[in-house]
Amino acid sequence: MDFLSYQNGQLFLQNNAIADLAKLYGTPLYVYDEEYIKERWLEYDNALADRKHLICYAIKANSNLAILNCLVKLGSGFDIVSQGELERVLRAGADPKKVVFSGVAKSVSEIERALTVGIKCFNVESEAELERIQSIAQRLNIIAPVSLRINPDVDAKTHPYISTGLRDNKFGVSYSLAIGIYQKAQKMSHIAIEGIDCHIGSQLTEILPFLDSAERIRVLFDQLISIGITIKHIDFGGGLGVCYDDEIPPQIVDLINALKNKFADYPEVELLFEPGRSIVANAGLLVTKVEYTKHQDNNHFAIVDAGMNDLIRPSLYKAWMKIMPVQQPNPDDQMYDYQIVGPICESSDVLGRNRQLAVEQHDLLVICSAGAYGFSMASNYNSHPKPAEIMVNQFGHRLIRQRESYDMLWQGEII
Ligand SMILES: *Cc1c(COP(=O)(O)O)cnc(C)c1O
């Protein structure tokens, strides 16, 4: 997060003092950098400028309408995994013709809605789903564009919870069954075969698993051609990792060039990517306030007002996220080895372990790289309203989601 810097001992994001933003909007507070989001998306887009392509931002990483709208304006496509996400992208102004629909459990009504609005493609994850899409498409008399999500059986070398391309994962159709399912799809009256899709996991920091998977897709592509099945697009999924700590993930342009090369002899084939994390993770941070410090039995706790309800990555995946004080410490301040913990009644509610900090009540901290899988995974556990979200750019800052009120906590409930 190179756009964060200390000026006279105070942490700034672009021209905004974090302390001022916290005062204005309260804490916990999600802050996103609009220019950074655009830059990352454009890095993908530019790397593919020389061929037909579509960048489909995976909205589950962060689905705030303002972020989606900013990508709509750049011409982005979207990767969705539910009808809720479909309604979001439509609400944000997206062209349905640029939407691909992934997910293992698409319901009848989700498929109906996607067919009716006319999405670009269903990324089909099982033979049963293919049959369901065919029967709904027939009933509605609409041709359904499909791509099979292939499980290439490669090890993404990431956390097991976010590894999706291994044979034993629930995602995609097994590589060995793919040809048979394509042949079946070809005979269906209301199915149009459009592409091949894969997505092998998230937070990948090496290029090799991507290449292995692309190689397997290429073999399948050639086999399909040899039996007369044409493929209009290849969807490489998302999954490119970011730097949270000291990871050195591949550069976007290097990844794209390597994958592009695998299909250099088929320039008419459109290439799709579904990046999520690599676009928004390092664009966002979570600002939180220290409510108390507690020093007992050789433990030093900084108890903050954000918890696993706001940001679950550290609890769920043991993810390490950088935590910075908003006020730079003085050399003579007393430092402790802090556990940064939230308000939730769970011992797993830890945002950071063993951080050397000098903090007191009311001090502010920022949790870096919180733009992806932060707010989108937030919950109301322990009946905490979800935090506000704001967008910062070179011109200033603006609210993009109100802090939830207490009334909103029981909306829809009936005594
Ligand atoms: C989650 C997901 C993505 C995005 O993954 P990132 O690691 O955030 O880039 C892309 N495609 C599919 C099908 C997904 O489930």
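Counting starts at 1 for both ligands and their atoms, in listed order. Side chains are part of it too, since the values below use all heavy atoms of this structure and drop only hydrogens, waters and symmetry mates.
- Relative to the six-membered ring of Y175, R216 meets both conditions, a distance below 6.0 Å and an angle of at most 45° to the axis.
- For the pair R313 and Y244, the cation-pi test (distance below 6.0 Å, angle within 45°) is passed.
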Atom pairs and distances, donor-acceptor, side-chain atoms in residues 15-26, under 3.5 Å, two or more places apart:
residue	atom	partner	partner atom	Å
N16	ND2	L13	O	3.2
Y25	OH	H397	ND1	2.8

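- Atoms of ligand 1 lying under 4.0 Å from at least one heavy atom of R277, given by number and element, are 6 (P), 8 (O), 9 (O).
- Counting heavy atoms under 4.0 Å from ligand 1, residue E274 touches it through both backbone and side chain.
- In terms of protein heavy-atom proximity, atom 7 (O) of ligand 1 is closest to S202 OG, 2.3 Å.
- Listed by first and then second residue, the ring-ring contact (aromatic ring centres under 6.0 Å, His included) pairs involving residues 193-223 are F221-F263, F221-Y266 (not counting sequence neighbours).
- Here the protein heavy atom with the shortest distance to atom 1 (C) of ligand 1 is K60 NZ, 1.3 Å.
- Y373 OH, 2.5 Å is the protein heavy atom nearest to atom 8 (O) of ligand 1.
- Close contacts of ligand 1 with A58, meaning ligand atoms under 4.0 Å from a residue heavy atom, involve 3 (C), 4 (C), 10 (C).
- Inspection of the Q10 and Q328 side chains reveals no N or O donor paired with an N or O acceptor under 3.5 Å.
- Nearest non-hydrogen protein atom to atom 5 (O) of ligand 1 is H199 CE1, 3.4 Å.
- Note on E34 versus K38: salt bridge recorded, some NZ/NE/NH1/NH2 to OD/OE distance being below 4.0 Å.
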